[in-house]
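The shown structure was predicted, so the numbers you read here are calculated from the model rather than taken from an experiment.
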Amino acid sequence: MNIAEFRNEPPIDFSLPEEREQFLLALEQVREKARVGEYSAAPIIGGELLSTAKVAKSENPSNPEESIGKVHFADEALALQAITSLQGGLEEWEALGFQRRAEIIAYAGELMRQKRRELAALMVLEAGKPWGEADADVCEAIDFCDYYAKCALGLSTPTHLMPYLNGELNHYSYSARGVAVVISPWNFPLAIATGMTVASLVCGNATVLKPAEQTSLIAAELATILREAGVHDSAFSFLPGIGEEIGPVLVGHPGVHLLCFTGSRAVGLEILQRSAVVGEGQRHIKKVILELGGKNAIIVDDDADIDDAIKGVLYSAFGFAGQKCSACSRVIVLQDAYERFVERLCQAANDLIIAPAEQPETFVGPLIDQESQQRVLNLVRERQNSLSLALSSECPDTGYFVPITIFRDVPADDPLWREEAFAPVLCVAPATSFEEALQMANDSDYALTGGVFSRSPSHLAQARRELQVGNLYLNRSITGAIVGRQPFGGFRLSGVGSKAGGADYLLQFVEPRSITENTMRKGFTPELA
Ligand code: NAD
């Protein structure tokens, strides 16, 4: 494999019967391994797998009675130990150089490719992700390995810059930042954990991964793959644990140089605040990368192709049960198309199949856990008192399912219009003009993704100029950014940092250095033996 040539991993075509058969077999094999207790997650520090007193079962959100494996959660003492261990391994890992580390990370991508069906099947069962979404998650993880390996090659050789004075030699180079903490969410349990971790490692940082509690088993598979690929035991720690317990210990540790977080706005802002405190003996300012939530809008123009718009909105709003940071949660429709659009949207949404994630026909699976289910059911019940309900679909009783819910004529000051629900709950509202639609879409704390369905070239051009989002999609769905093609990330309260899967991403994980030498020597000092 040539690291310098990046190509996206193609998704599995589940319309082919042989692919469906293979995936059913993978699900069966994962279930069998789960039954005999082969899946577990436990802290790994300095290459040592540690069992701990706090153990939880990782359950299938489609059927919570089914246990997929056991998770040993790390405590505060292990969090401290993980950082100390990485401090010891940093020098050797950095000394390997970009080229060798890139080879290791690309090999990790190859190992994922070899077991892609097992990884996707495990994700279907542990995260409740439907087949196509789980497969796309694995493809994205492989892409992150390959893409960041390629990008790292570009950082390996110091750049020779123009001299300002005669005889001046100017070099610009990159070195690792130090010890890094990666904290990942459950909704892209392999892709996001992989992307942040391998970006940090390939740049020479000794890195600890703290995955989301709900998807620790998938993250443990990543840890195994990274170690098998050749990441030094002393440069990588794996720390499943409860965020509120070990998160503050990791974030506040004075020996940590870099924090890379993807998750909720509340936790992200807490991390930002805690990491700004300079601890005892600390001689650096921590670099913080945060990728947070969104309240993403799609505008449907009065001349839009309604069939396309409905298809795009359904996938963006209800794919993976709306549990994507990029998911559409607001639709703004031009007045002339409003009634027709709402009626047809509700009919189409009512036909979507809500079922256990392991069934191939499932469009909407369960929410991740009981806490999310309760939160969403309460939220919908409460907003129903003041909003106009356009659809509340049927859903299964077993598992953490919630109905597909659509509210219409939602006012811009309603909490549901403004705050992330992270569920298949959609707000729709009319706009009297395209300008007003843009203004409504932009009136948000967030700026992550957004979209427009229109056949008017001038409106599409206006949206390019004026719609304030990190990832804008025109006449298509607004989720599913592809590594290297659609670098992903937002601004405002959607986060700080360069886009994941983009050419600038790795620059956040390195310390740039400029070296200037005056070569106009006045004689040489002989080297003493
Ligand atoms: P979350 O913030 O609850 O948890 C994320 C991670 O933070 C988990 O590993 C958790 O254990 C840890 N954590 C919790 N409390 C902590 C603390 N006090 N200190 C340190 N770490 C702590 O988020 P989630 O529910 O896992 O994920 C959903 C959120 O993530 C949504 O808001 C979504 O929009 C966002 N998200 C954003 C992106 C993006 O690229 N912008 C991508 C995916 C998800």
Side-chain angles (χ1 to χ4, degrees), residues 294-322 324 326-354 363-364 380 383-384 386-394 403-414 416-418 421 423-444 449-464 466-467 469 471-480:
K295 191 71 201 177
N296 313 301
I298 291 180
I299 296 173
V300 181
D301 206 351
D302 49 13
D303 67 354
D305 180 320
I306 293 287
D307 291 332
D308 271 1
I310 286 178
K311 206 168 139 214
V313 168
L314 289 180
Y315 183 68
S316 308
F318 306 126
F320 190 35
K324 297 180 192 174
S326 52
C328 168
S329 52
R330 299 182 292 153
V331 184
I332 301 160
V333 189
L334 272 288
Q335 192 72 63
D336 281 354
Y338 188 68
E339 289 304 332
R340 198 162 38 107
F341 179 85
V342 174
E343 189 189 335
R344 288 189 49 195
L345 176 74
C346 291
Q347 281 168 358
N350 204 28
D351 284 344
L352 295 178
I353 296 172
I354 311 184
F363 191 95
V364 179
V380 169
R383 296 323 301 146
Q384 231 166 293
S386 37
L387 294 176
S388 171
L389 185 67
L391 176 73
S392 176
S393 72
E394 298 290 317
I404 290 179
T405 307
I406 300 177
F407 289 106
R408 55 171 292 160
D409 314 332
V410 180
D413 59 356
D414 192 88
L416 202 56
W417 186 263
R418 312 202 75 79
V425 177
L426 184 64
C427 297
V428 190
T432 53
S433 64
F434 193 72
E435 283 67 28
E436 188 188 40
L438 285 172
Q439 181 271 322
M440 287 165 72
N442 283 336
D443 181 17
S444 169
T449 66
V452 174
F453 282 89
S454 175
R455 283 191 288 194
S456 154
S458 68
H459 282 175
L460 293 173
Q462 191 178 0
R464 280 175 184 267
E466 297 177 18
L467 201 44
V469 291
N471 286 66
L472 175 62
Y473 299 91
L474 304 174
N475 287 321
R476 53 150 285 175
S477 57
I478 66 169
T479 62

Search all heavy atoms of A297 against all heavy atoms of I332 and return the closest pair with its distance.
CB-CD1, 4.2 Å

Could you label the plane-to-plane angle of the F363 and Y315 rings as parallel, tilted or perpendicular, counting under 30° as parallel and over 60° as perpendicular?
perpendicular

First locate atom SG of C328, then atom NZ of K295, and finally report the distance between them rounded to the nearest 0.5 Å.
9.0 Å

With heavy-atom distances below 4.5 Å as the criterion, would you say the side chains of S456 and D301 are in contact?
yes

Can you see which heavy atom on Y338 is nearest to which on A429, and at what distance?
CE1-C, 3.4 Å

What's the spacing between I354 CD1 and I404 CD1 if we round to 0.5 Å?
4.0 Å

Are any of the side-chain nitrogens in R408 or E343 under 4.0 Å away from the carboxylate oxygens of its partner?
no

Taking the side chain from S316 and the backbone from I478, do they hold a donor-acceptor pair closer than 3.5 Å?
yes

When you measure from the side chain of S326 to the backbone N and O of T449, does any donor-acceptor pair fall under 3.5 Å?
no

D302 side chain to A337 main-chain N or O, any donor-acceptor pair under 3.5 Å?
no

Any heavy-atom pair between the side chains of L474 and R464 that's under 4.5 Å?
yes

Backbone of T479 reached by a side-chain donor or acceptor of R476 within 3.5 Å:
yes

Decide yes or no for E435 and Q462: does some side-chain heavy atom of the first lie under 4.5 Å from some side-chain heavy atom of the second?
yes

Between C427 and W417, which heavy-atom pair has the shortest distance, and what is it?
CB-CE3, 3.6 Å

Using 0.5 Å steps for rounding, measure from the CZ atom of F341 to the CD1 atom of I306.
6.5 Å

Counting N and O atoms only, with roles assigned by atom type, does the side chain of D308 sit under 3.5 Å from a partner on the main chain of N475, one being a donor and the other an acceptor?
no

Residue pair L426, V313: steps toward the side-chain contact (heavy atoms from CB on, under 4.5 Å) verdict:
CA-CA 10 Å; L426 184 64; V313 168; 3.9 Å; yes

Going through the distances and angles, do F318 and I406 end up as a side-chain contact (heavy atoms from CB on, under 4.5 Å)?
CA-CA 11 Å; F318 306 126; I406 300 177; 4.1 Å; yes

Give, for atom CG of D336 and atom OG1 of T432, the distance between the pair rounded to the nearest 0.5 Å.
10.5 Å

For the student: nearest non-hydrogen atoms of L389 and S392, plus distance
CD2-CB, 4.0 Å

Does some side-chain heavy atom of L387 sit less than 4.5 Å from a side-chain heavy atom of P411?
yes

Is V428 close to V333 at the side-chain level, that is, under 4.5 Å between some pair of heavy atoms?
yes

Here the gap from R330 atom CZ to N296 atom CG, rounded to the nearest 0.5 Å, amounts to 8.0 Å

Closest heavy-atom pair and its distance - S454, H459:
OG-CB, 3.8 Å

Can you find a heavy atom in the side chain of F407 that is under 4.5 Å from one in the side chain of D414?
no

For L334 and A437, work out which heavy atoms get closest and say how close.
CD2-CB, 4.1 Å

Does the side chain of L467 come within less than 4.5 Å of N442's, by heavy atoms?
yes

dist R344:CZ -> I310:CD1 (nearest 0.5 Å) comes out at 4.5 Å

